[in-house]
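One structure is given here, and the rest of the page talks about it.
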Amino acid sequence: MTSALYDLTGRRVFVAGHRGMVGSAIVRRLASEGCEVIVAPRAELDLRDAARVKAFLADNRIDTLFMAAAKVGGILANATYPADFLIENLEIASATIRAAHEANVEKLLFLGSTCIYPKHAPQPIPESALLTGPLEPTNEAYALAKIVGVKLCEAYRTQHGRDFISAMPTNLYGAGDNYDLKSSHVLPALIAKAHEAKVRGDASFVVWGSGTPRREFLHADDCADALVFLMKHWSDSQHVNVGTGEDISIADLAALVKQVVGFEGTIEWDASMPDGTPRKLVDVSKLAGLGWKPTISLEDGIAATYRDFITK
Ligand code: GDP
């Protein structure tokens, strides 16, 4: 592998959103980088307040910033609370990126999402598909806020020469996920539903939509590894997709979760619930070309996540 463009050794690194699934995985991953990791409890630092964030970054002499803070949720939460998802994520992105510039942060990585791509983007989705067509309506608000974050990184690079980069991870899952059925993403929801059905001795559990949509799933620990890799090896205005390069239908995913959990009943489909975008598989050739690939298989990742769920 080529030597790093940016060395994390000895850097003071702020992980924004350290309580979240990805932020906590980044903190764990940074332990072997020889850097000093700094986090801030939400009650002490409102990431929507640019002046306070600037003071925090300056006071703590932050060199490097991982922007993993966001208001996140599954298809139902996004479709039900678009105003909350848009305003909160816009404010977090604009305040934190602006503050990082004003506090002279050396390098920042903004975490986006593959929902920034058009609903009918070519599959697998190349980075160049951004802003080439209408978004998927169920997560348009979240996507718009994330697109602004990507564009802010680009704008600060163009106008001020800032080394601000962005990464677009595919659907993520792993330890510390949200298992609340009203706001969670599909994988933790299926784990919780299959487990509850097994414990109660139900004949079936309910899965939303038609089962035909296809999604790509990346374990949060693999994602954190890719983000640290990009921090060290990437410096460009172009954002980078982060994924496995493989997708699975929701029907096959439900069957896999059922098998890992050991539920012997059947699956019932609730067609009244939205399918969302038909397919979301990213083109990972740029990241692969740089020399990074995931190591956690979907089956092993689901098994580990299920162990995390039952020990909660
Ligand atoms: P999306 O990738 O933004 O659509 O986010 P989700 O992870 O919430 O949903 C992915 C797909 O899984 C959609 O087609 C959902 O309809 C489907 N799905 C099936 N059952 C569930 C469930 O119990 N919860 C969620 N969130 N999605 C489900």
Side-chain angles (χ1 to χ4, degrees), residues 20-22 70-82 84-86 89 111-121 123-125 134-147 168-174 177-198 202 204-220 223 241-244 246-258 260-261 263 265-282 298 301-302 305-306 309:
M21 181 173 72
V22 184
K71 177 176 175 61
V72 298
I75 192 165
L76 183 62
N78 271 276
T80 314
Y81 308 108
D84 292 357
F85 277 87
L86 182 53
N89 288 307
L111 205 59
S113 158
T114 53
C115 70
I116 64 164
Y117 293 118
K119 174 171 182 146
H120 296 297
Q123 306 284 329
I125 312 171
L135 297 165
E136 155 60 34
T138 53
N139 55 30
E140 186 180 71
Y142 182 78
L144 284 170
K146 289 294 184 184
I147 291 171
M168 298 310 116
T170 193
N171 288 32
L172 302 173
Y173 72 100
D177 210 336
N178 167 20
Y179 297 97
D180 170 55
L181 296 182
K182 289 200 187 69
S183 58
S184 62
H185 285 102
V186 61
L187 226 167
L190 295 184
I191 289 175
K193 286 177 178 181
H195 177 76
E196 297 308 329
K198 180 173 100 171
D202 293 347
S204 62
F205 70 92
V206 175
V207 183
W208 298 349
S210 63
T212 59
R214 300 183 69 86
R215 295 288 184 274
E216 178 184 12
F217 295 94
L218 180 70
H219 193 278
C223 180
N241 289 338
V242 179
T244 62
E246 283 172 29
D247 64 356
I248 181 171
S249 72
I250 298 301
D252 287 346
L253 180 74
L256 181 57
V257 171
K258 186 168 104 78
V260 170
V261 168
F263 173 65
T266 57
I267 289 165
E268 225 179 289
W269 296 94
D270 179 355
S272 72
M273 296 304 277
D275 270 345
T277 201
R279 193 175 183 203
K280 215 173 5 171
L281 173 67
V282 287
L298 184 57
I302 293 174
T305 308
Y306 181 45
F309 172 77

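When a ligand or atom number is given, it counts from 1 through the structure's own listing order. The structure presented is a predicted model; accordingly, all values stated were derived computationally and were not measured. Numbering starts at 1 and runs along the sequence shown.
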Quiz item: Do the side chain of N78 and the main chain of G73 share a donor and acceptor less than 3.5 angstrom apart?
Solution: yes
Self-check item: Test ring-ring contact (aromatic ring centres under 6.0 Å, His included) applied to Y142 - qualifying residues, sequence neighbours left out
Solution: none
Exercise. State, without any angle test, whether E246 and T244 hold a side-chain donor-acceptor pair at a distance under 3.5 Å.
Key: no
Self-check item: Side-chain donor-acceptor pair present, Y306, H195, cut-off under 3.5 Å
Solution: yes
Quiz item: Is it true that the side chains of D275 and S210 contain a donor and an acceptor less than 3.5 Å apart?
Solution: yes
Quiz item: So, D252 side chain and I248 main chain: donor-acceptor pair closer than 3.5 Å or not?
Solution: no
List ligand 1's nitrogen or oxygen atoms that come under 3.5 Å of a protein nitrogen or oxygen, with the partner atom and distance.
| residue | atom | partner | partner atom | Å |
| --- | --- | --- | --- | --- |
| ligand 1 | 2 (O) | N171 | ND2 | 3.0 |
| ligand 1 | 2 (O) | R215 | NE | 2.8 |
| ligand 1 | 2 (O) | K280 | NZ | 3.1 |
| ligand 1 | 3 (O) | N139 | ND2 | 3.4 |
| ligand 1 | 4 (O) | R215 | NH2 | 3.0 |
| ligand 1 | 7 (O) | V186 | N | 2.9 |
| ligand 1 | 8 (O) | I75 | N | 2.8 |
| ligand 1 | 14 (O) | D275 | O | 2.6 |
| ligand 1 | 16 (O) | P274 | O | 2.6 |
| ligand 1 | 20 (N) | W208 | N | 3.0 |
| ligand 1 | 23 (O) | K193 | NZ | 2.7 |
| ligand 1 | 26 (N) | S184 | O | 2.9 |

